[in-house]
2 protein chains.
Amino acid sequence: MDKNEIEERMHALLQACSDAGARLTPQRIEIFREVVESEEHPDAEMIYQRVRERLATVSLDTVYRTLWWLAGLGLVATVGPAKESTRFDANLTRHHHFVCVRCGLTRDFYSRDLDNLELPASVAAIGSIERTQVEVKGICHACAERQKSEVPASQGEPGQA
Amino acid sequence: MDKNEIEERMHALLQACSDAGARLTPQRIEIFREVVESEEHPDAEMIYQRVRERLATVSLDTVYRTLWWLAGLGLVATVGPAKESTRFDANLTRHHHFVCVRCGLTRDFYSRDLDNLELPASVAAIGSIERTQVEVKGICHACAERQKSEVPASQGEPGQA
DNA sequence: GTTTTTGCAAAGAATTTGCAGCTTT
DNA sequence: AAAGCTGCAAATTCTTTGCAAAAAC
């Protein structure tokens, strides 16, 4: 990723931070930088370790808080189903997943077309390919219904305590 | 899923169990059944609760043990990256993931084609779609290298303690 | 100066493990 | 009878939270 891109994203986060009326602390700034610069998708601990090198005075819980706060603003996403417990999949036939971002419901669906996707050459540069699966994130009908019957519109945070 | 399919899978697990020289206990049988019958992808707790209804004498740790044992034999898979801690993704541009099944390394890749996949109609029946992403599982080059330098061929379990 | 954040340490949740006793083969 | 399982309870690991002190606006 080029330096420009990084600065741009960094700027976006700082901007979002003040837009949200939150304070710009050195901890947050360093966490932002780490989040923006990392190419892999780090967990809280990794970010903590890296930030720590530059800012000895940071704690793991601040990293967690900041990360989830960013996630709440939609500025970072979490990889995989969610921050849930490990889910198991006994479907050994080729299939794809629909994951509800609200409740974590995971359902399979099938598609011949999706079974045989062409991947870009760049993937081979990362590693050898074993299995390819499409993951659709969305909101399941049950959660959509649940939403309808809730308060139509307040200014509080939406759903999912 | 039709009854035939279920019985077939059930049979496969029981067979694999005895092939592996493991014992057929009532707990395992009920856990197998739950795993095979579930349409969503349950976590250990869910399976525990359901098995419990039919077999009061089962414990959560037996469920865990059985599930991971099945996973070790490749008879069930885990959904998402792995049994790892939550990973964060600050890449807000449209992208796809390569995940190393050995070390959990997660890297982004890009493809216009994959950005606009056509999903089968069946997906809409599950819920509303927000985002679609391709997840490629494989082994990253670093892990492949690591493997080469290890004992070429024993009969012990491969890598990753 | 006020309000938000932080760090600490303790609380919680999820998952794993040692061990004695019970079951399966 | 022998070897493998199971359940319990304690240990780990990961993550969150309450609160007083410190920092940002």
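So that the names make sense, note that chain A is the first sequence line, chain B the second, and so on, each numbered from 1.
Spacing between atom CE of B/M46 and atom P of C/dT15 amounts to 11 Å, rounded to whole angstrom units. As a whole-Å value, the separation of B/Q49 CD from C/dA14 P is 12 Å. Nucleotide D/dA22 holds its P atom 17 Å from the CG atom of A/L55, rounded to whole Å. Atom CD1 of A/I31 is separated from atom C1' of C/dT5 by 11 Å (rounded to the nearest Å). Taking atom CH2 of B/W69 as the reference point, atom P of C/dT17 lies 17 Å away to the nearest angstrom. The CD1 atom of B/I47 sits 15 Å away from the P atom of C/dA14 (whole-angstrom rounding). When rounded to the nearest whole Å, the span between CG of A/D43 and C1' of D/dC14 equals 10 Å. Whole-Å rounding puts the A/R28 CZ to C/dG7 P distance at 11 Å.
In plain terms, the two heavy atoms of B/A16 and B/L75 that are nearest each other are CB-CD1, 3.5 Å. Closest of all the heavy-atom pairs between A/K137 and A/T78 is NZ-O, 3.7 Å. For the pair A/A20 and A/W69, the tightest heavy-atom approach, listed with the atom from each and the gap, is CB-CZ2, 4.1 Å.
Distance from the side chain of B/L24 is smallest to C/dT25 among C/dT4, C/dG7, C/dT25. Of all nucleotides listed (C/dC19, C/dG7, C/dT24), C/dC19 comes nearest to the side chain of B/R65. Side-chain atoms of B/T62 lie closest to D/dG7 of the nucleotides D/dT15, D/dG7, D/dA2. Closest contact between the side chain of A/S59 and the listed nucleotides C/dG7, C/dT25, D/dA24 involves C/dG7.
Both A/T57 and B/P26 lie close to DNA chain C; mapped to their nearest nucleotides by heavy-atom distance, the more 5′-ward contact belongs to A/T57. Judged by closest nucleotide on DNA chain D, B/R23 is the one of B/R23 and B/L60 placed further toward the 5' end.
For C/dT15, the OP1/OP2 oxygens have a side-chain nitrogen or oxygen of B/Y64 closer than 4.0 Å. Residue A/Q27 places at least one side-chain N or O closer than 4.0 Å to OP1 or OP2 of C/dG7. Proximity of A/T86 to the phosphate of C/dT15: a side-chain N or O atom is located under 4.0 Å from OP1 or OP2.
Residues A/H95 and A/D89 have side chains that bring a donor and an acceptor to within less than 3.5 angstrom of each other.
A/A22 comes within 4.0 angstrom of sugar-phosphate atoms only, judged by non-hydrogen atoms across all strands, and of no base.
Residue-to-nucleotide contacts include a donor-acceptor pair under 3.5 Å from the side chain of B/D61 to the base of D/dC8.
Proximity of a side-chain donor or acceptor of A/S111 to a complementary backbone N or O of A/L114 within less than 3.5 Å is detected.
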